[in-house]
Amino acid sequence: GSGVLPPAMAALGAYRCIECNGEATELYRDYQRGVLRISICKSCQKPVDKYIEYDPVIILINAVLCKAQAYRHILFNTKINIHGKLCVFCLLCEAYLRWLQLQDSSQNTDPDDLIRYAKEWDFYRMFGIASLEQTSFFIGIFITLWWMTPEMLKRKSDFILLLKALLLSTYGKLLLIPAVIWEHDYTPLCLAFIKVFVLISNSQAIRVTLNLNRILPWFAIFFGLIFENGVVCLFRKMGWDV
């Protein structure tokens with residue numbers, strides 16, 4: 001295939017079977033001279049990770065379709081380390097959308113430098129608000145999961161992995177920019193669909209990372225939304241322009 005193959009060998013449990021989430025020591029075995037054999041999972045007797053032979057575009061499409069196998073491949077069997085940059089870029093997209101909506105509601109067209117700098121400050125403020133809301137949302141999720149399944153989050157590495165999964169699963173916010181650029185009568189509906197898609201991706205990331213059923217991740221997301229709105233309301237009562 002045209003996919004990029006990761007290292008074949010690793011420590012015990014370093015990889016996961018994308019079908020049953022079982023642990024594996026290798027994804028494939030290299031017999032030299034270009035002969036490779038994908039490892040078979042001892043638990044489900046299926047290939048540990050079929051995606052190592054797939055083109056990245058196919059993997060991305062499967063991730064967009066929220067397939068658990070694609071999420072396990074990305075989270076456990078690859079060395080992707082873009083979650084921090086992706087998070088910042090997604091927050092910039094959301095801040096730009098809010099800033100644009102703020103400018104549309106303002107009728108002041110004065111080109112004075114003071115007005116221009118004020119508008120620039122508004123963008124930074126929107127970025128701060130978006131960051132605050134996302135942080136509150138994640139904290140709400142972590143509190144709920146720690147309360148419901150404390151055995152799942154015993155180690156620091158468990159928290160880091162879940163945070164990485166949540167950050168990567170917010171990639172849907174990148175669609176905010178084209179939704180605004182190609183503005184039409186259905187833009188508000190598109191923005192609502194993007195919000196729902198991001199929440200579905202978050203739910204799948206939680207489910208895959210902690211190997212949970214479908215109900216608990218949604219419960220955590222629901223509480224995360226409540227916590228997020230609660231923090232925003234608190235800051236507004238304190239007089240902050242949030």
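Closest of all the heavy-atom pairs between Ile59 and His73 is CD1-NE2, 3.6 Å. The two residues Arg72 and Ile18 come nearest to each other via the heavy atoms NH1-O, 2.8 Å. The shortest heavy-atom contact between Cys20 and Cys41 is SG-SG, 3.5 Å. The shortest non-hydrogen separation linking Thr144 to Ala220 is CG2-CA, 3.7 Å. Listed here is the closest heavy atom pair of Leu212 and Met152: CD2-CE, 3.9 Å. The two atoms that bring Leu27 and Asp49 nearest to each other are CD2-CB, 4.0 Å, heavy atoms only.
Among Leu167, Leu174, Leu176, the single residue meeting the side-chain contact (heavy atoms from CB on, under 4.5 Å) criterion with Cys90 is Leu174. Test Leu163, Asn202, Leu75 against Leu168 for side-chain contact (heavy atoms from CB on, under 4.5 Å) and you get one pass: Leu75.
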Leu145/Leu216 under side chain to side chain contact (heavy atoms under 4.5 Å, CB included): CA gap, chis, key distance, verdict: CA-CA 8 Å; Leu145 293 173; Leu216 187 54; 4.2 Å; yes

CA sep, side-chain torsions, deciding dist, call: Trp218, Asn213, side chain to side chain contact (heavy atoms under 4.5 Å, CB included): CA-CA 10 Å; Trp218 277 111; Asn213 56 34; over 6 Å; no

Please test Phe123 against Tyr96 for side chain to side chain contact (heavy atoms under 4.5 Å, CB included), starting from the C-alpha separation and ending with a verdict. CA-CA 7 Å; Phe123 175 79; Tyr96 175 75; 4.0 Å; yes

Applying side chain to side chain contact (heavy atoms under 4.5 Å, CB included) to Ser136 and Leu132, what does each step give before you reach the verdict? CA-CA 6 Å; Ser136 303; Leu132 172 65; 4.0 Å; yes

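Here the CG-SG distance, from Leu97 to Cys93, works out to 9.5 Å after rounding to the nearest 0.5 Å. To the nearest 0.5 Å, atoms CZ (Arg236) and CG (Asn229) are separated by 8.5 Å. Atom-to-atom distance recorded for Ile215:CD1 and Met148:CE is 10.0 Å, nearest 0.5 angstrom. The CD atom of Glu19 sits 12.0 Å away from the OG atom of Ser43 when rounded to the nearest 0.5 Å. Summarising the geometry, atom CD1 belonging to Ile80 is positioned 5.5 Å from atom CD1 belonging to Ile74; distances are rounded to the nearest 0.5 Å. Atom-to-atom distance recorded for Asn77:CG and Tyr15:OH is 7.5 Å, nearest 0.5 angstrom.
Each of Phe227 and Leu225 belongs to its own hydrophobic cluster when Ile, Leu, Val, Met, Phe, Trp and Tyr are linked at side-chain heavy-atom distances under 4.5 angstrom. Tyr71 and Ile206 sit in two unconnected hydrophobic clusters of ILVMFWY residues. Membership requires side-chain heavy atoms under 4.5 Å apart, directly or through other members. Both Ile194 and Leu92 sit in one connected hydrophobic cluster of ILVMFWY residues. Membership requires side-chain heavy atoms under 4.5 Å apart, directly or through other members. Leu162 is connected to Phe159 through a chain of hydrophobic side-chain contacts under 4.5 Å among Ile, Leu, Val, Met, Phe, Trp and Tyr, so both are in one cluster. Clustering ILVMFWY residues whenever any of their side-chain heavy atoms sit less than 4.5 angstrom apart, transitively, puts Leu166 in a cluster other than the one holding Phe223.
Side-chain contact between Thr209 and Asp158: absent, with no pair of heavy atoms (C-beta onward) separated by less than 4.5 Å. By the 4.5 Å heavy-atom criterion applied to side chains, Thr170 and Phe138 are counted as neighbours. Put simply, the side chain of Val48 does not reach to within 4.5 Å of the side chain of Tyr28, judged on heavy atoms. Residues Leu210 and Leu153 are in side-chain contact: their nearest non-hydrogen atoms beyond the backbone lie under 4.5 Å apart. Side-chain contact between Met126 and Ile129: present, with at least one pair of heavy atoms (C-beta onward) separated by less than 4.5 Å. Looking at heavy atoms from C-beta onward, Val231 lies out of side-chain contact with Ile139 at the 4.5 angstrom threshold.
Taking the six-membered ring for Trp and the full ring otherwise, Tyr171 and Phe89 have centroids separated by 6.0 Å or more.
Between the Ser203 side chain and the Leu199 main chain, no donor and acceptor come within less than 3.5 Å of each other. With hydrogens and angles disregarded, no donor-acceptor distance shorter than 3.5 Å links the side chain of Lys46 to the backbone of Cys17. Of the possible donor and acceptor atoms, none in the side chain of Asn21 sits under 3.5 Å from a partner among the backbone N and O of Arg16.
For Phe142, the CZ atom sits in a packed shell: over 12 heavy atoms of surrounding residues, nucleotides or ligands are nearer than 6.0 Å. Under a cut-off of 6.0 angstrom, the local environment of CH2 in Trp146 is sparse, with at most 12 non-hydrogen atoms contributed by other residues, nucleotides or ligands. More than 12 heavy-atom neighbours from other residues, nucleotides or ligands sit within 6.0 angstrom of CG on Leu65. Shown here is Tyr124, whose OH atom has no more than 12 heavy atoms of other residues, nucleotides or ligands within 6.0 Å.
A side-chain donor from one of Tyr51 and Asn62 sits under 3.5 Å from a side-chain acceptor of the other. Side-chain N/O atoms of Gln204 and Arg207 include a donor and acceptor closer than 3.5 Å.
Applying the side chain to side chain donor-acceptor pair (under 3.5 Å) test to Glu228 and every residue at least two apart in sequence or in another chain returns nothing. Arg98 pairs by the salt bridge (Lys or Arg N to Asp or Glu O under 4.0 Å) definition with Glu94, Glu133, not counting sequence neighbours.
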